[in-house]
Amino acid sequence: MNKSDTLNETGISAPVRRVDAMEKLTGKARYISDYPFEGLLHARLLRSDRPRAKILGIEVPDLPAGYSYVDARDIPAGGRNGIRMITDDWPVFARDEVRFVGETLGLVVGPDREKVLEILSGIRVTYEELEPAFTIEEGLACKGGPIVGDDNLYGTYHLTKGDPEAAFRRAARVVEGTYRTGFQEHLYLEPQGMVGTWEDGKITLYASAQCPFYIRKSVAHTLGIPEPAVRVRQVTTGGAFGGKEHFPDVIATVLSVAVNKIRRPIRLVFERAEDIRFTCKRHPSRVTIRTALDEAGAIIGMDIDTVINAGGYTSSSLIVLQRAILHGIGVYNIPNVHIRGRAVATNTFPSDAFRGFGAPQGLFAIELHMSHLARELGMDPGSFKQKYFIKTGDTTITNTAMKDEIRLNEMFRKVDAMSGYRRKVKAYDDDPLKGIGIAFVNHGCGFTGNGEQEIIKAVAEMERLSDGRAALYVSTVEMGQGLQTVLRKIAARELDCGVDNIVYDNPDTDRVPDSGPTVASRSTMVVGYLVQQCARELKRRWGEGPGTRVRKQYRHPEGLTWDQDTLQGDAYPSYGWGVNVVEVAFDPVTYEVKTTGIWTVYDVGVPMDTRIVTGQAAGGGIQALGYAAMEVCEVVDGRFRQHTLTDYTIPTAMDFPSVACEFVENPYAYGPFGAKGAGELVFDAAAPAYADAVGHLIGRKIHEIPVTPEKIMEVLQDE
Amino acid sequence: MVRAFKPADLTEALRLRKETACVPLAGGTDLMVKYRNWTGLPPAFPGDVLFLSHLKELQTLERRGETLRIGAGVPLADIAAWPETPAVLREAVRGIAAPAIRNVATLAGNVCNASPAGDGICALYALDARLELTSVDGTREVSILAFITGPGRTVLRRDELVTAVLVPRRAANIQVFRKVGTRKANALAKLSFAAVGEVKEGIVDAMALSFGAVGPTVVRSTETEKRMAGKTLAEVTALAPSIVEDYAALIVPIDDQRSTAAYRKTVALNLLKSFLEGLKEKVKGI
Ligand SMILES: Cc1cc2nc3c(=O)[nH]c(=O)nc-3n(C[C@H](O)[C@H](O)[C@H](O)COP(=O)(O)OP(=O)(O)OC[C@H]3O[C@@H](n4cnc5c(N)ncnc54)[C@H](O)[C@@H]3O)c2cc1C
């Protein structure tokens with residue numbers, strides 16, 4: 001079957017012009033910095049420049065009229081100096097100690113930017129320095145004394161399937177490897193930014209953000225007021241990638257304290273270098289995998305130790321860690337497994353959500369380890385991995401039956417036909433200048449376990465408008481991924497009208513129900529399904545006339561179980577599946593690697609728009625190749641060393657060839673028109689496939705990304 | 001308060017240069033980054049600014065006898081497109097930044113910025129380029145080697161402007177430029193290598209080699225180059241290990257946010273070695 005047979009030209013998958021294409025291409029779209037506000041004030045954060053220290057004093061010079069310095073003392077009675085994310089350990093304003101460079105101390109606000117900068121540079125902060133810990137190793141060793149608790153761990157989880165101890169006892173051989181990934185900066189095109197105002201008697205925030213209701217919750221918590229007393233309006237958002245999931249809470253809380261005090265519109269928008277230096281990154285990881293093999297070389301057990309560097313405060317690190325270990329054995333059925341996961345505190349900027357949310361780190365380790373095992377056993381990684389593909393009904397790492405219908409074999413055949421993998425992987429064994437790598441992944445769609453049911457409880461609404469159009473009310477946002485097009489397309493198809501007849505404005509918490517955050521590959525599958533149900537009912541009730549409003553709430557699919565305390569049961573309602581093949585060529589003089597081919601096949605249920613999903617596959621794939629090959633992000637003295645666009649090098653169009661993408665159709669019963677999630681899946685496979693390809697190329701094992709020419713040289717010289 | 005001057009002609013520019021402590025600004029692609037400020041505020045220039053790129057006197061590309069004269073205000077894109085531009089310089093210029101930057105950035109700016117990673121500079125060293133420096137009191141010429149004294153440091157006097165980059169026209173059937181960047185486009189060099197030479201009937205007539213971003217200034221050794229002059233290609237190939245050794249002593253790079261000292265040194269020497277070994281093949285085609 002080829003693409004055009006199945007994803008037929010009139011079906012839901014047929015591409016339409018993106019609804020936001022023209023306004024973005026012509027520069028009409030307005031981002032947060034473009035909005036005029038009457039009497040706007042400018043703001044800059046005062047940040048700590050020490051990674052770990054006691055604050056002895058902050059001396060603020062006398063302020064001219066119209067200028068303010070805002071800090072914890074301005075939090076109203078009943079409020080809290082804590083940012084409500086999953087917990088609230090991250091303070092709005094540093095308490096008596098700072099845990100990382102860039103921690104907020106205060107905010108300077110005023111009408112003239114020059115003056116604001118002058119005031120800022122006149123503030124004297126005195127510290128008593130403490131010994132910081134930056135790396136996973138230093139964190140685990142509690143260097144300088146624990147930052148949290150007595151072991152420096154935010155949390156530890158264990159997953160056990162079968163009897164791993166017995167498996168290791170009877171193993172004929174044990175193969176071990178340690179795999180590492182680095183920080184990654186989101187580098188959304190539009191930096192973090194928000195405007196806070198006092199409108200109609202309430203705090204109102206105009207935000208470049210993914211999760212308007214998260215912001216509302218944190219602000220209400222900090223100010224000690226009811227959530228509906230806060231209004232959050234998302235404005236056109238120039239990219240996010242997870243970086244605008246929780247970090248906007250950091251800005252929103254500070255800003256709200258200031259607006260509450262000053263009652264004037266205040267803008268806080270980061271400059272690019274500020275944004276790279278002082279926002280969350282992807283968690284660095286260290287994963288050690290030991291595999292027990294029997295006499296015949298078959299895998300009988302695995303022991304996996306996963307550690308992520310969470311930085312100075314928890315943020316969403318524990319949920320990231322859960323996803324890392326829940327994806328810890330990838331797409332394989334391994335009989336006896338133990339996984340330990342730990343999130344360690346260090347004095348780096350708190351790590352947080354980034355496309356994939358822990359899964360890329362877990363999948364990188366298992367995929368590379370499986371490739372290494374294959375090489376040790378004299379097999380090609382593709383064929384070796386195929387032997388262990390999980391099948392429907394097999395037991396998962398969380399001890400339940402895998403319920404997805406799995407098409408991995410078909411996907412492997414397809415990617416082989418596209419890339420020539422099986423032929424090349426043999427041919428390049430003897431070619432010192434070429435290599436090819438492969439990685440298989442899955443990605444759980446939606447919140448972990450029963451989070452959609454227990455925590456999010458998404459609601460969507462639709463209304464028949466008086467002009468004959470229909471309005472869509474959801475809190476999930478367009479951030480460049482194409483959601484406005486997809487949700488409107490779903491509604492339009494059910495209502496049998498054109499996409500233009502569906503109104504879907506940027507969410508405003510005063511006007512839309514909480515359909516959850518725009519994260520976790522949930523928006524199309526979960527919210528899209530609610531939209532489909534709304535549209536169906538609205539169609540039935542269309543005759544009731546303008547003003548007819550319908551509402552649907554999320555219901556967990558039947559037959560799924562979950563225990564959040566033990567992490568047992570159905571870890572996700574469903575999974576997207578993928579395979580990537582990456583081909584590389586070598587320059588032995590400079591150790592530079594050129595990527596010569598990228599082939600991808602995905603099972604996203606039914607793609608809601610092939611152009612959008614193909615775009616995701618290209619963008620996600622290249623973003624992951626940047627992570628794997630180029631994006632060096634070192635910490636020196638607690639500061640990110642590569643903090644400009646010159647030195648933090650994301651790929652250009654010249655760095656990688658175009659990404660070939662095909663789909664296998666596999667409709668999901670609880671997704672709109674059979675759709676599952678796609679946004680994160682497309683990030684997961686390229687990095688391990690690239691590392692596998694480079695390993696194949698140089699005939700050595702690669703254990704760490706980014707694998708730069710410098711690292712390749714080291715590996716080659718390290719004979 | 002910073003003043004911005006837009007002189008009517010070069011004479012006025014030189015007068016302003018003499019009378020005020022102004023910063024000359026050509027394309028501004030280094031300066032606007034260096035003095036960037038909070039969006040919405042003007043750039044944080046330390047003094048008055050003197051705009052240059054509109055000056056007609058600085059806009060010319062001309063051949064004067066055996067010298068190519070590249071006006072200080074000519075954008076890189078025009079230099080890349082000029083048929084007279086030596087291949088090694090063309091290649092270097094084409095690898096700078098991206099098209100939009102090359103439409104405004106100048107070669108004189110690249111030289112005055114004196115970054116060890118400046119791509120144009122590396123090629124100009126191998127070409128024995130000179131700078132034409134003009135003040136109200138007259139004009140002098142300084143070789144690029146003498147002009148750049150360290151990272152960001154030159155012998156430009158406070159009353160002078162660079163009015164042109166002068167490149168000797170020489171027979172050079174060997175011209176190589178190789179930039180190893182942090183990525184494949186719009187990237188700064190981790191290191192760069194330039195070679196300009198003339199081989200006649202199997203004998204090396206002259207050979208100039210330069211290495212960028214591997215030290216505080218571009219590395220060039222006329223002494224080692226002389227060892228190659230007058231030798232047959234076979235002799236040069238035989239000499240290769242000892243030539244590489246010479247440069248190994250001169251190339252002392254640093255670790256920074258873009259690469260490591262070990263990588264820079266190893267790859268610079270690898271490029272040299274592969275250049276020397278490939279010389280025969282290169283000459284065959286001539
Ligand atoms: C995105 C980006 C990418 C870049 N990539 C590269 C790259 O790949 N390789 C590279 O080498 N560079 C790169 N650069 C740096 C820069 O573009 C070059 O150095 C450029 O050649 C500078 O020229 P300009 O005319 O813009 O200089 P300006 O910024 O105008 O000036 C640079 C310096 O020269 C002085 N100056 C300029 N003209 C004169 C004159 N006539 N007389 C006396 N002093 C003068 C100025 O005072 C200043 O000190 C990049 C810059 C950017 C922004």
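Chain letters run A, B, ... following the sequence lines, proteins first and then strands; every chain starts at 1.
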Which answer fits Lys273(B), side chain, backbone, both or neither, if we ask what part of it has an atom under 4.5 Å from a heavy atom of chain A?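 Looking at Lys273(B), nothing touches chain A.
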Part of Ser274(B) within contact of chain A (heavy atom distance under 4.5 Å): side chain
Do Arg227(B) and Ser242(B) get their side chains close enough for a donor-acceptor pair, meaning under 3.5 Å? yes
Quick one: which of [options] has the most heavy-atom pairs under 4.5 Å with chain B, could you say?
| options | result |
| --- | --- |
| Arg113(A), Arg44(A), Glu274(A) | Arg113(A) |
| Val269(A), Thr644(A), Val632(A), Asp655(A) | Asp655(A) |
| Asp112(A), Ile650(A), Thr708(A) | Ile650(A) |
| Thr652(A), Asp647(A), Val116(A) | Asp647(A) |

If I take atom CD from residue Glu583(A) and atom NZ from residue Lys434(A), how far apart are they, to the nearest 0.5 angstrom?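 Taking CD in Glu583(A) and NZ in Lys434(A), the distance rounds to 7.0 Å.
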CG/Asp119(B) to CZ/Phe177(B) distance, rounded to the nearest 0.5 angstrom?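 Taking CG in Asp119(B) and CZ in Phe177(B), the distance rounds to 4.5 Å.
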Hey, can you tell me if [X] and [Y] have their rings parallel, tilted or perpendicular (30° and 60° cut-offs)?
| X | Y | value |
| --- | --- | --- |
| Phe278(A) | Phe349(A) | tilted |
| Phe193(B) | Phe211(B) | tilted |
| Trp38(B) | His42(A) | perpendicular |
| Tyr206(A) | Tyr35(A) | tilted |

Mind checking whether Val195(A) and Leu40(A) have side chains closer than 4.5 Å, heavy atoms only?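 They are in contact (side-chain heavy atoms under 4.5 Å apart), so the answer is yes.
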Do Thr106(B) and Pro75(B) make a side-chain contact, defined as non-hydrogen atoms from C-beta onward lying under 4.5 Å apart? no
Where does [X] contact chain B at under 4.5 Å (heavy atoms): side chain, backbone, both or neither?
| X | value |
| --- | --- |
| Glu271(A) | side chain |
| Val636(A) | neither |
| Leu645(A) | backbone |
| Ser33(A) | neither |

Inter-chain contacts: residues 247-272 of chain B against chain A, heavy atoms under 4.5 Å: Asp255(B), Asp256(B), Gln257(B), Arg258(B), Ser259(B), Thr260(B), Ala262(B), Tyr263(B), Thr266(B), Val267(B), Asn270(B), Leu271(B)
Those residues of residues 586-595 of chain A, ordered by number, that approach chain B below 4.5 Å (heavy atom to heavy atom):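 Within residues 586-595 of chain A, the residues that come under 4.5 Å of chain B (heavy atoms only) are Asp587(A), Pro588(A), Val589(A), Thr590(A), Tyr591(A), Glu592(A), Val593(A), Lys594(A).
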Short side-chain to backbone donor-acceptor contact, Lys281(A) and Ile276(A), under 3.5 Å: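 Such a contact is found between Lys281(A) side chain and Ile276(A) backbone.
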Between Arg153(B) (side chain) and Ala114(B) (backbone), is there a donor-acceptor pair under 3.5 Å?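 Checked: no pair found.
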Charged N to carboxylate O below 4.0 Å: is that the case for Arg700(A) and Asp718(A)? no
Between Lys711(A) and Glu714(A), is the closest basic N to carboxylate O distance under 4.0 Å? no
Between Phe37(A) and Arg267(A), is there a cation-pi geometry (under 6.0 Å to ring centre, at most 45° from the normal)? no
